[in-house]
Amino acid sequence: DQFGKNIKKAVSNLTHRGPDAQNIMRLDNRKITLAHTRLKIIDLSNNANQPFVSPSGRWILTYNGEIYNFKAVRKEIGDRWIWKTTSDTEVLLAAWSIWREECLNKLEGMFAFIILDNKSKTLILVRDRFGVKPLYKMIRKDFMAFSSEIPPLLNFDKSISANKNTIRTYLENGNYDHCDQTFFNKIKSVRPGTITKINLHKNEEKVKKWYDFHRNIKSNNIMNEKAIISETESKTLEAISSNLISDVGLGLNVSGGVDSSMLVRTTIDQVGHADFFTQDYPAYSELPWVKKISKGGTLNIEELTFKKINNFLNETVKSQAEPFGGVFVCGYNSIYKSAKHKNIKVLLDGNGVDESFLGYEKYHQLYLESNKGTKNYQQIKKDFINFWGYEPKPFDQTSSIDGSNGLMPCAIHRNILKYEPIISSNFNMINDPVRELAANDLLYNKIPRGLRFNDRVSMYHSCELRVPFLDHRLVEFAFSIPT
C-alpha cells in the first residue's frame, strides 16, 4: 500500500540517526505504526532494539536519547520487573509501567519518547526538561505523525509549505525554535518539559507541563561565596561524570573556554584518556589554549577554511532542513566526520554554561545598566572595563552574545510583512533582570536553536551529542546564585 511505502521512506529519512537497527511495527489492522532507527550506545545487543514492548504487551516504547541514571532507577525498580536487557530503554519502559508520569522526575538525561498504551489506545509523547532531544508532530483530523526530524513527515502530506509567520519572525527578530511553530506549516515542535496524551478513539490531544523551570529554582541568599563555589564544583563534576556512561567510543568537543577545561579535566580523571575534537579558524584561533588544556588525551584539529566550509554548505542545508545559526554550523560537519572515522559515537559539548553562569558580555552590560544610580555603579563599571578591556556599550535587548546586532528588518520584502510575527511568552518570573535575560536565552532565544542545529549536524553523522552543563540540577542551582 502507498502508506506502507511512505512509512519506509520516512524510516529511510532517519537512517542516519540510527544506522545500527531499523524496525517497523504495524498494529491495530495497520491503523497504528511505530518505527525506530537505532544508534547503539548502551547495551549493544539486538534485544534492546525498538519499538520495545512490555512483557504484558500493554506498553510499546519508541525512544530517542539517554537516561544517564538508568542503573540507579533499575536498582529502585528491582524485581518488580523481569529484565531481559541491560539497556536504559527497558528501564524507561519499566519505570513508566510502574510509576506512569511520576517516573519523569526520577530521570536524569536527555530524551524524547512516545509510548503507546494498547489498553486505552492512548499515545503519550514526552520531551526532556530543556528539549535537548527533538520531537515534531503533524496532526490532522484523519491522520497524525511524529518524528525526531521534519523531513520524514513531509512524506505524508504534499500540501505542507513554508510557514511565512515563522519566516517573518526569523528575519525581523532573529528568533526561531522559540515556540512550537516550525518553518513548515502543519508541523509543530513538541515543547520541552511537556507531556502530551492523545486519545486515539476520540482524536483528542491534551498537553501539560511535567517540568516547570521557575518552580525548581530555590532561593540561595543564605549561602556564602565559599559554599557556592564548593557546591558549583560538586554539581558540575556530578553532571559531567553522569554523561560519561557509554558502551561505545566517547570524546569531547573542545574550545578555549572554561567549559572545555572543566570537561577535559573531569573526563581524563574519570576515564583516563579520550579523543578531543576542535575547530580551528586561522582568523580566530584558540589553538594555543586548546592544546594546553588537552594534555592527557588525543587532540584532533579540524582546520576550517573558506573552501572546506563551502564544501559542507549543501549537506548542512540538507541536514538542518530549516535556517540555522551561521557558517560555523557547517564547520561542525568536519568534527563529526572525524569522530565517525575514529569509531566515536558519543561526543560531549559545553553548551549551556554561559547562560547558567552569566558568561556573556551582554549580561554584564545589563547588570551595569540595572545598577545605574546606585552607590555600586562606578565600581561595577570599573570591573566591566577591567574584565572586557573597553568601555561598556549601551545595552540592546536584541543584541547577540557580544552585544552586537546584525538584524536588518528594513530589508524584508513586503510580501513577507503581510504575515504576523510570532511573539512567544517570555520568561519573567525572576526578580532580577540579568537572570531573566539569561532564562529567556536558556528557554527561548538561544539554547533551543543551538540544541536543534547541534542535534541535527551530529546525528547526520550518526553521532550522539551530550550537553552535561544542561543537567537540570546544575542549571537550577546556578540560577539560584545571586548576581
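By convention here, the first residue in the shown sequence is residue 1.
If you check the side chains of Asn155 and Lys8, you find no donor sitting under 3.5 Å from an acceptor. Side chains of Glu90 and Thr85: a donor on one and an acceptor on the other come within 3.5 Å. In this structure, a donor-acceptor pair under 3.5 Å is present between the side chains of Asn300 and Asp275. With no hydrogens or angles considered, no side-chain donor-acceptor pair links Asn163 and Tyr419 at under 3.5 Å. A donor-acceptor pair shorter than 3.5 Å can be found between the side chains of Tyr336 and Asn253. For the residue pair Asn6 and Gln2, a side-chain donor N or O sits within less than 3.5 Å of a side-chain acceptor on the partner. No side-chain donor-acceptor contact under 3.5 Å links Ser148 and Lys133. In this model, no donor atom of one side chain and acceptor atom of the other lie less than 3.5 Å apart for His36 and Asn49. Side-chain contact check for Ser120 and Asp117: at least one donor-acceptor pair (N or O, by modelled atom type) lies under 3.5 Å. With no hydrogens or angles considered, no side-chain donor-acceptor pair links Tyr460 and Lys337 at under 3.5 Å. If you check the side chains of Asp177 and Ser189, you find no donor sitting under 3.5 Å from an acceptor.
Ion pairing of Lys362 with Asp441 is present here, as a side-chain N (NZ or NE/NH1/NH2) and a carboxylate O approach within less than 4.0 Å. Between Lys208 and Glu101 a salt bridge is recorded (basic side-chain N to carboxylate O distance below 4.0 Å). Looking at Glu204 and Lys197, no side-chain N of the basic residue comes within less than 4.0 Å of a carboxylate O on the acidic one, giving no salt bridge. Looking at Glu464 and Lys345, no side-chain N of the basic residue comes within less than 4.0 Å of a carboxylate O on the acidic one, giving no salt bridge. A salt bridge links Arg17 to Glu149: at least one charged side-chain nitrogen sits closer than 4.0 Å to a carboxylate oxygen.
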Point to revise | Full working for side-chain contact (heavy atoms from CB on, under 4.5 Å) between Asn203 and Met144 | key: CA-CA 9 Å; Asn203 203 15; Met144 61 185 73; 2.7 Å; yes

Check your understanding: Run the side chain to side chain donor-acceptor pair (under 3.5 Å) check on Ser241 and Gln270 step by step: do they pass?
Key -> CA-CA 7 Å; Ser241 298; Gln270 295 282 327; 3.2 Å; yes

Exercise for review: Would you please test Lys71 and Asp88 for salt bridge (charged side-chain N to carboxylate O under 4.0 Å, His left out) and show each step?
Suggested key: CA-CA 8 Å; Lys71 290 181 179 178; Asp88 59 328; over 6 Å; no

Exercise for review: Start with the C-alpha gap between Phe277 and Glu302, add the side-chain angles, then the distance that decides, and say whether side-chain contact (heavy atoms from CB on, under 4.5 Å) holds.
Suggested key: CA-CA 7 Å; Phe277 298 85; Glu302 295 299 317; 5.5 Å; no

Practice item. Mind running side chain to side chain donor-acceptor pair (under 3.5 Å) on His472 and Asn216 for me, showing each step along the way? Key: CA-CA 9 Å; His472 72 100; Asn216 283 277; 5.8 Å; no

**Study point:** CA sep, side-chain torsions, deciding dist, call: Lys137, Glu205, salt bridge (charged side-chain N to carboxylate O under 4.0 Å, His left out)
**Key:** CA-CA 12 Å; Lys137 61 182 180 179; Glu205 180 185 17; 2.6 Å; yes

Practice item. Kindly indicate, with the supporting measurements, whether the criterion side chain to side chain donor-acceptor pair (under 3.5 Å) is fulfilled by Thr86 and Asp43. Key: CA-CA 6 Å; Thr86 57; Asp43 186 345; 3.2 Å; yes

Practice item. For ring pair (Phe, Tyr, Trp, His ring centres under 6.0 Å), just list the numbers for Phe184 and Tyr136, CA-CA rounded to whole Å, side-chain angles, deciding distance to a tenth of an Å, and then say yes or no. Key: CA-CA 11 Å; Phe184 296 83; Tyr136 296 93; 9.3 Å; no

Check your understanding: Do Asn185 and Ser161 pass the side chain to side chain donor-acceptor pair (under 3.5 Å) test, and can you show the C-alpha distance, the side-chain angles, and the key distance before you say yes or no?
Key -> CA-CA 6 Å; Asn185 65 11; Ser161 59; 2.9 Å; yes

Point to revise | Derivation of the side-chain contact (heavy atoms from CB on, under 4.5 Å) call for Glu476 and Lys218 | key: CA-CA 8 Å; Glu476 290 159 9; Lys218 307 291 188 284; over 6 Å; no

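Judged by distance alone, the side chain of Gln22 and the main-chain N or O of Gly18 form a donor-acceptor pair under 3.5 Å. In this structure, the side chain of Ser334 does not engage the main chain of Gly331 through any donor-acceptor pair within 3.5 Å. A side-chain donor-acceptor contact under 3.5 Å links Thr278 to the backbone of Val254. Put simply, the side chain of Asn29 never gets that close to the backbone of Lys31: no donor and acceptor are under 3.5 Å apart. Without hydrogens or angle criteria, Arg466 side chain to Asn243 main chain gives a donor-acceptor distance under 3.5 Å. With hydrogens and angles disregarded, no donor-acceptor distance shorter than 3.5 Å links the side chain of Asp349 to the backbone of Val467. Side-chain N or O atoms of Lys121 include one that pairs as donor or acceptor with a backbone N or O of Asn118 at under 3.5 Å. Using a distance-only test at 3.5 Å, with no hydrogens or angles considered, a donor-acceptor pair links the side chain of Tyr63 to the main chain of Gly65. Under the 3.5 Å distance criterion, the side-chain polar atoms of Arg435 are matched with a main-chain donor or acceptor of Ile481. Side chain of Asn69 to backbone of Glu108: a donor-acceptor contact under 3.5 angstrom is found.
The minimum heavy-atom distance between Arg140 and Asp157, with the atom names listed, is NH1-OD2, 3.2 Å. In terms of heavy atoms, Asn47 sits closest to Phe52 at O-CE1, 3.4 Å. When all heavy atoms are compared, the tightest approach of Asp471 to Ser242 is OD2-OG, 4.3 Å. A pairwise comparison of heavy atoms in Gly352 and Phe469 identifies C-CB, 4.5 Å as the closest pair. Heavy atoms only, all atoms of each residue included: Arg129 and Trp210 are closest at CG-CH2, 3.6 Å. Minimum heavy-atom separation, Leu470 to Val475: CA-CG2, 3.9 Å.
In this structure, Thr232 and Phe357 have side chains that are in contact, with non-hydrogen atoms separated by less than 4.5 Å. Looking at heavy atoms from C-beta onward, Leu250 lies in side-chain contact with Leu244 at the 4.5 angstrom threshold. With a 4.5 Å cut-off on side-chain heavy atoms, Thr316 and Tyr332 do not count as touching. Using a 4.5 Å heavy-atom cutoff, the side chains of His16 and His461 are not in contact. No side-chain heavy atom of Leu465 sits under 4.5 Å from any side-chain heavy atom of Asp455. Taking 4.5 Å as the limit, some side-chain heavy atom of Leu104 sits within range of a side-chain heavy atom of Leu107. Counting heavy atoms from C-beta outward, Ile344 and Leu347 have side chains that approach closer than 4.5 Å. In this structure the side chain of Lys186 never reaches within 4.5 angstrom of the side chain of Ile139, judged on heavy atoms.
Between Tyr211 and Phe213, the ring-plane angle classifies as tilted under the 30° and 60° cut-offs. Taking the six-membered ring where tryptophan is involved, the planes of Phe3 and Phe156 are tilted, since the angle between them lies from 30° to 60°.
Residue Met25 forms a side chain to side chain contact (heavy atoms under 4.5 Å, CB included) with just one option from Val53, Ile32, Thr33, and that option is Val53.
When ring centroids are compared, Phe324 and Tyr176 stay outside the 6.0 Å threshold.
Evaluation of the side chain to side chain donor-acceptor pair (under 3.5 Å) rule for Asp128 yields no partner, not counting sequence neighbours.
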